[in-house]
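Here is the naming used below: chain letters follow the sequence lines, and residue numbers restart at 1 for every chain. These numbers come from a predicted model, not from an experiment.
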Number of protein chains: 4
Amino acid sequence: MSTTEKTDKREHILLVAEELFAGKGFDGTSVRDIAHLAGVNLAMISYYFGSKENLLKELIEYRFSYTVSLLEEKSNDQLQSPWEKIEWIIDFYVERIINNRRFHSIMSQEYNTARSSEIKELITSIKMQNLERIKKIIAEGQRKGVFRKIDVEMTLATMMGTITQVINSKNVYCVLLRIDTTDEKEYQEKITQRLKTHLRELLQAHLIGK
Amino acid sequence: MSTTEKTDKREHILLVAEELFAGKGFDGTSVRDIAHLAGVNLAMISYYFGSKENLLKELIEYRFSYTVSLLEEKSNDQLQSPWEKIEWIIDFYVERIINNRRFHSIMSQEYNTARSSEIKELITSIKMQNLERIKKIIAEGQRKGVFRKIDVEMTLATMMGTITQVINSKNVYCVLLRIDTTDEKEYQEKITQRLKTHLRELLQAHLIGK
Amino acid sequence: MSTTEKTDKREHILLVAEELFAGKGFDGTSVRDIAHLAGVNLAMISYYFGSKENLLKELIEYRFSYTVSLLEEKSNDQLQSPWEKIEWIIDFYVERIINNRRFHSIMSQEYNTARSSEIKELITSIKMQNLERIKKIIAEGQRKGVFRKIDVEMTLATMMGTITQVINSKNVYCVLLRIDTTDEKEYQEKITQRLKTHLRELLQAHLIGK
Amino acid sequence: MSTTEKTDKREHILLVAEELFAGKGFDGTSVRDIAHLAGVNLAMISYYFGSKENLLKELIEYRFSYTVSLLEEKSNDQLQSPWEKIEWIIDFYVERIINNRRFHSIMSQEYNTARSSEIKELITSIKMQNLERIKKIIAEGQRKGVFRKIDVEMTLATMMGTITQVINSKNVYCVLLRIDTTDEKEYQEKITQRLKTHLRELLQAHLIGK
DNA sequence: GATGAATGAGCATTCATTCAT
DNA sequence: TATGAATGAATGCTCATTCAT
């Protein structure tokens, strides 16, 4: 069997697990569920991932792995103004969270519940890193006199919280926004656009004051 | 045994269940856990509540029961300006969610996971009702020319999402805000104040533009 | 259900477990085996004993509980000569071990294997207590000039080891002694008599020298 | 790979298996344990030995193979007196069992448990052969009027049982004999000497009567 | 000859719930 | 009303073994 196939199988299991964890929660999903939906043998899951807990850990690492350095780069970019950076970050996060909304949903569901402190610390450290980078950008804007004196930490909570709220209360916002839930793609596009525009206007008013 | 004692026992079980659900999730909490921590017989839980699922339902009804009409009243109040109403709502929600943050945590964790559509619909309808009331107030402000044309639904998401974000990422924000986690009361007071001030400034800039 | 019935069920499970452990070893016996042969529900075993390991522990305590003080009494008896005491002990041990040969077999099988140090220590302490009591009797005989100077500890090993050897190599000794294996009762009586006589003659020659 | 290397690998696996079987029992040892400790691929065990059961069988054959004829020779030796032969046999068995005490431990643990009748019969036949040879020597001594009329089979049980008892209750006898368990070599030497002396004195008193 | 991948069967244990009392 | 006893179903996981390469 080729390396690709092996990787694909692992990845396939991870994606199936992600879907189930998002829909039924970590504890609500059994390893049997995952094996069945993934079309693999039950023992395969333990064989590849050791344990259900470790499967979650590997999913987290898999999802976070490719977005480590992007933010770092952006915050150090000398050519963009602080507000341009904020606009970029809004777009980046809205898209990233909407695209990975299943995974994001797991994170917000399981974060408080996580039994393994290892997983908890992994998530905390990633969240902290991301928040520190955005903090740096806002601080830069404040130093340059472009941004007003606002509560930076709470502003970060607003940014993330708004997106999370829309994701996690999908049903409610679909009704409110009169978006058809069945057309997944349409929902995604509309909600992405709406979130981007809102956050730009909201944060512009908040940070710059117009 | 008197009716009062019976009610107290039921309530006691509900509160213990709330604590455990918040800490370990619905699926992560066993009926045995609840019975043990509540100091009651295992069979009593089924005896009183029928099933674990129904225990959650009763907890939701118990928590929502006393906050139904308050918002209704406020939105119809003719003596306050729209902004005064928004300020009141911010304070009301921040306090209510912070005070019931365990329950709120359960709701955000279990909402997407809930197996019973009955519970899902119950939560959706309550959320919808609350959002509709706030929508009405913002619409009133816009009609009066006091509030700018903003995305009402997204603004609601910002309000709720910001509070939820701070609650559910307690660990992260405690570190960021340099608040001691061990002193529960101090944490609660500081975070309440901080959230209220931030949301007022944020929404004032957003809705009114100053 | 009466207390007697409940105790009987526990005891019944213990006896079934003893039989299986003796025949297939602790690890070779599954909780399913025990439940099946005992005619009880699988979950019952965990309900009564908590775990398989603890079932073994309770079996050990159950088997040892009623023979604690008998030996103590005998060793302090002032009316018997040391050799009369040794004769009594030979008879006592041969009968006790033959009658509980299944349990004895488990002990010699699992002693070196026992995973829980708690069980190991329990067995060691019981063995030590018994050996100390016999040591005391031999020492008394030596003080009185009745017994020769022999290696006390090794003599204990001989006493116990001879019985154990016959029990654990039943097949071999049945052939050697030309005893029919199918008639359990006949086997037991013959072997008991043979062991008693042999040990008396052996130890008399060893301790007294005739 | 050369034949030597292959044999060495097989032997290495056997020795590792012996160690684990002795420490955790046959059922308590997994093929994975053996493969891991031996540093070989898991599938290799099945590849070399066919099955776990057969691995045990090969271990037994491996251990017994080199001691088949020694005893035969000795019992036919015309130059030694029956008592000299018994002395030689005591030394031979004590040393052989002490040196192979891990294997001996497995035999006494698994003998009653062994699922395969093939293994059971193998062990029984080896034991029988050995016992028959010693029987012959004692019978010779009795014919010559050197040995008393004693229970030959039980005397054999005493010889083997005493050694086995000391080996299998190592912990107990280490405490009783005040031997340091950590120094394996010291333990082995002391216990060997002690056993030899004890068995000589014991059997001399028993067989010859002095 | 040697091995990574895979698997069906089985493991001990825990689950929410029911029932006789 | 209250509860100890009981249970069928499911849990996560490990087992010895096989097989394609």
Rounding to a whole Å, what distance do you find between [X]:[atom1] and [N]:[atom2]?
| X | N | atom1 | atom2 | answer |
| --- | --- | --- | --- | --- |
| D:Met44 | E:dA5 | CE | C1' | 16 Å |
| D:His36 | E:dG4 | NE2 | P | 13 Å |
| B:Phe49 | F:dA2 | CZ | C1' | 15 Å |
| C:Ile45 | E:dC11 | CD1 | P | 13 Å |
| B:Phe21 | E:dA16 | CZ | C1' | 12 Å |
| C:Lys24 | E:dC11 | NZ | C1' | 13 Å |
| A:Asn54 | F:dG12 | CG | C1' | 14 Å |
| B:Leu20 | E:dA16 | CG | C1' | 16 Å |

Margin query: So if I define the base as every atom that isn't primed, P, OP1 or OP2, how would nucleotides 13-19 of chain F read as a B/S/- string at a heavy-atom cutoff under 4.0 Å?
Written below: BBBBBB-
Note to self: Does either side chain, that of B:Gln109 or that of B:Ser105, offer a donor lying less than 3.5 Å from an acceptor on the other one?
What the structure shows: yes
Note to self: If we count only N and O atoms by modelled type, under 3.5 Å, do the side chains of D:Asn168 and D:Ser108 hold a donor and an acceptor together?
What the structure shows: yes
Next item on the list: Before accepting this row, confirm whether a basic side-chain N of the pair D:Glu19/D:Arg102 lies closer than 4.0 Å to the acidic partner's carboxylate O.
Entry: no
Notebook entry, point to check: Less than 4.0 Å between a side-chain N and a carboxylate O, is that true for D:Lys24 and D:Asp33?
Noted result: yes
Check: Hey, what do you get for CD (B:Glu118) to CG (B:Asn54), rounding to the nearest 0.5 Å?
Finding: 7.5 Å
Checklist line | A:Glu11 side, atom CD; A:Leu14 side, atom CG - distance, nearest 0.5 Å | finding: 7.5 Å
Notebook entry, point to check: Any side-chain N or O of C:Lys9 under 4.0 Å from OP1/OP2 of F:dA6?
Noted result: yes
Note to self: I want to check something: taking the side chain as every heavy atom from C-beta on, are B:Phe49 and B:Arg10 in contact at a cut-off of under 4.5 Å?
What the structure shows: yes
Checklist line | Side chain proximity check, B:Tyr47 to B:Leu42, heavy atoms < 4.5 angstrom | finding: no
Checklist line | 5'-to-3' dot-bracket of DNA chain E (Watson-Crick, G-U; under 3.5 angstrom; crossing pairs as [ ]; | other strand) | finding: .||||||||||||||||||||
Checklist line | Evaluation steps, ring-ring contact (aromatic ring centres under 6.0 Å, His included), between C:Phe103 and C:Phe64 | finding: CA-CA 10 Å; C:Phe103 175 69; C:Phe64 278 130; 5.4 Å; yes
